[in-house]
K.L.:
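Before we start, here is the structure in question, set down as structure tokens.
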Protein chains: 2
Amino acid sequence: MNTLLDAFSALSDPTRFTIVEQLMDQGELPAGDLARGKGMSGAAISRHLKVLRQAGLVNQRVNGTQRIYSIRPEGLRAIAEWTISKRQFWEASLDRLGDILQEDPTWPT
Amino acid sequence: MNTLLDAFSALSDPTRFTIVEQLMDQGELPAGDLARGKGMSGAAISRHLKVLRQAGLVNQRVNGTQRIYSIRPEGLRAIAEWTISKRQFWEASLDRLGDILQEDPTWPT
DNA sequence: CCGTTGATTAACATGAATGTTAAACAATGA
DNA sequence: TCATTGTTTAACATTCATGTTAATCAACGG
């Protein structure tokens, strides 16, 4: 559960959230690319990446002088499983479960 | 998406997270009961509840002098929908999707 | 009307978070 | 070997978060 709170905390920062989304969209990226992408010092990004790593949300791979980051699926599962375990609460706001299928056609039926 | 970050932020605090879980377990509860349950001043709990309300995660109902709080399903849906939309990433860490069914037999197949 | 109860807001202290620049460090290539 | 590049860590300033107690406010019951 501590893992879960760390994940929530890590994702609650806009910079870190967009890093995660960028890694999801573009696959693995070196720290430098992420820093350039957001108008922010490399030092700041480096520490954000450390927070994400400690929360278990990203992996770091070494390639020469580069540190290449990618999504760590196990980290996201903490959130996914909590969400699933509480499904009855957010489903309660749907008149019909079918509504969500409209939003996400890949949702398992 | 701002709603989503507010929800993550709200849930990243241990006191607020347990308030949410307590409301899920026990249904609606007055602020005073929540304060007594955690050894903390009513003032602190009141502000935590305000954060949860502003994040859209709980509802407030007035009953005489009491403020009775309950889960707000719409708020949880922001997290649920983000999680679902990123499903491919956390499913990637499963050898077989069936694994999760073992953890949660009610998961839709 | 007054005192009590339940709850929130105000004022304050303190520790955590986040950005910057400068320093440190490792890998690479001339 | 030495300069360059990529990244992280250190030191610092500033803002944000969170707890406490005291003050405020509304509802109730005598």
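Computed from a predicted model, the values in this text were never measured in an experiment. Lettering of chains follows the sequences in order, A, B, ..., and the numbering in each one begins at 1.
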K.L.:
C:dT9 P sits how many Å from B:I45 CD1, rounded?
P.N.:
15 Å
K.L.:
List the atom pairs, with distances to 0.1 Å, where a side-chain N or O of residues 36-43 of chain A and a protein N or O form a donor-acceptor pair under 3.5 Å, not counting sequence neighbours.
P.N.:
{"residue": "A:R36", "atom": "NH2", "partner": "A:D33", "partner atom": "OD1", "Å": "3.1"}
{"residue": "A:K38", "atom": "NZ", "partner": "A:Q22", "partner atom": "OE1", "Å": "2.7"}
{"residue": "A:S41", "atom": "OG", "partner": "A:A44", "partner atom": "N", "Å": "3.1"}

K.L.:
What residues form a side chain to side chain contact (heavy atoms under 4.5 Å, CB included) with B:S46, not counting sequence neighbours?
P.N.:
none
K.L.:
Tabulated below should be each protein N or O lying under 3.5 Å from an N or O of nucleotides 12-14 of chain C; please produce it.
P.N.:
none

K.L.:
Select base, sugar-phosphate, or nothing to describe what B:A43 touches, counting heavy atoms under 4.0 Å on all strands.
P.N.:
base
K.L.:
Quick one: are B:T3 and B:W82 in side-chain contact, heavy atoms under 4.5 Å?
P.N.:
no
K.L.:
Nearest-Å distance, CZ (B:R16) to C1' (D:dC16)?
P.N.:
12 Å
K.L.:
Between the protein and nucleotides 4-7 of chain D, which nitrogen or oxygen pairs are less than 3.5 angstrom apart?
P.N.:
{"residue": "D:dG6", "atom": "O4'", "partner": "A:T65", "partner atom": "OG1", "Å": "3.0"}
{"residue": "D:dT7", "atom": "OP1", "partner": "A:A31", "partner atom": "N", "Å": "3.3"}
{"residue": "D:dT7", "atom": "OP1", "partner": "A:R67", "partner atom": "N", "Å": "3.3"}
{"residue": "D:dT7", "atom": "OP2", "partner": "A:G32", "partner atom": "N", "Å": "2.5"}

K.L.:
Evaluate the side-chain proximity of A:M24 to A:V20: yes if any heavy-atom separation is below 4.5 Å, no if none is.
P.N.:
yes
K.L.:
Using side chain to side chain contact (heavy atoms under 4.5 Å, CB included) as the criterion, list what pairs up with A:A55, not counting sequence neighbours.
P.N.:
A:D6, A:A10, A:L57
K.L.:
What side-chain donor-acceptor pairs closer than 3.5 Å can you find for residues 61-72 of chain B, not counting sequence neighbours?
P.N.:
{"residue": "B:R61", "atom": "NE", "partner": "B:E28", "partner atom": "OE1", "Å": "3.2"}
{"residue": "B:R61", "atom": "NH2", "partner": "B:E28", "partner atom": "OE1", "Å": "3.4"}
{"residue": "B:R61", "atom": "NH2", "partner": "B:E28", "partner atom": "OE2", "Å": "2.7"}
{"residue": "B:Y69", "atom": "OH", "partner": "B:R53", "partner atom": "NH2", "Å": "3.4"}
{"residue": "B:Y69", "atom": "OH", "partner": "B:Q60", "partner atom": "NE2", "Å": "2.9"}
{"residue": "B:R72", "atom": "NH1", "partner": "B:G56", "partner atom": "O", "Å": "3.0"}

K.L.:
Nearest whole angstrom, please: distance from the C1' of C:dA16 to the CG of A:D13.
P.N.:
13 Å
K.L.:
Kindly point out which of C:dT8, C:dG19, D:dG19 is positioned nearest to the side chain of B:H48?
P.N.:
D:dG19
K.L.:
Closer than 3.5 angstrom, by distance alone: can the side chain of B:W90 be matched with the main-chain N or O of B:T83 as a donor-acceptor pair?
P.N.:
yes
K.L.:
Round to the nearest Å and state the distance from B:N63 atom CG to C:dT8 atom P.
P.N.:
13 Å
K.L.:
Establish, with yes or no, whether the OP1 or OP2 oxygen of C:dA22 is under 4.0 angstrom from a side-chain nitrogen or oxygen of A:S41.
P.N.:
no
K.L.:
Side-chain contact test, heavy atoms from C-beta onward, threshold under 4.5 Å: evaluate it for B:Q26 versus B:L23 and give yes or no.
P.N.:
no
K.L.:
Please report the distance, rounded to the nearest Å, between NZ in B:K50 and C1' in D:dT18.
P.N.:
14 Å
K.L.:
Could you go over nucleotides 2-4 of chain C and give all protein N or O partners under 3.5 Å, atom names and distances?
P.N.:
none

K.L.:
Could I get the full list of side chain to side chain contact (heavy atoms under 4.5 Å, CB included) partners for A:S12, not counting sequence neighbours?
P.N.:
B:F8, B:S9
K.L.:
Rounded to the nearest 0.5 Å, what separates atom CZ in A:R87 from atom CG in B:L76?
P.N.:
13.5 Å
K.L.:
Using side-chain heavy atoms (C-beta onward) and a distance below 4.5 Å, is A:L5 in contact with B:L11?
P.N.:
no
K.L.:
In whole angstrom, what separates A:L5's CG from D:dA17's P?
P.N.:
16 Å
K.L.:
Using whole Å, report how far CZ of B:R53 lies from C1' of C:dA7.
P.N.:
10 Å
K.L.:
Could you state the atom-to-atom distance from CD of B:Q54 to P of C:dT8 in whole Å?
P.N.:
12 Å
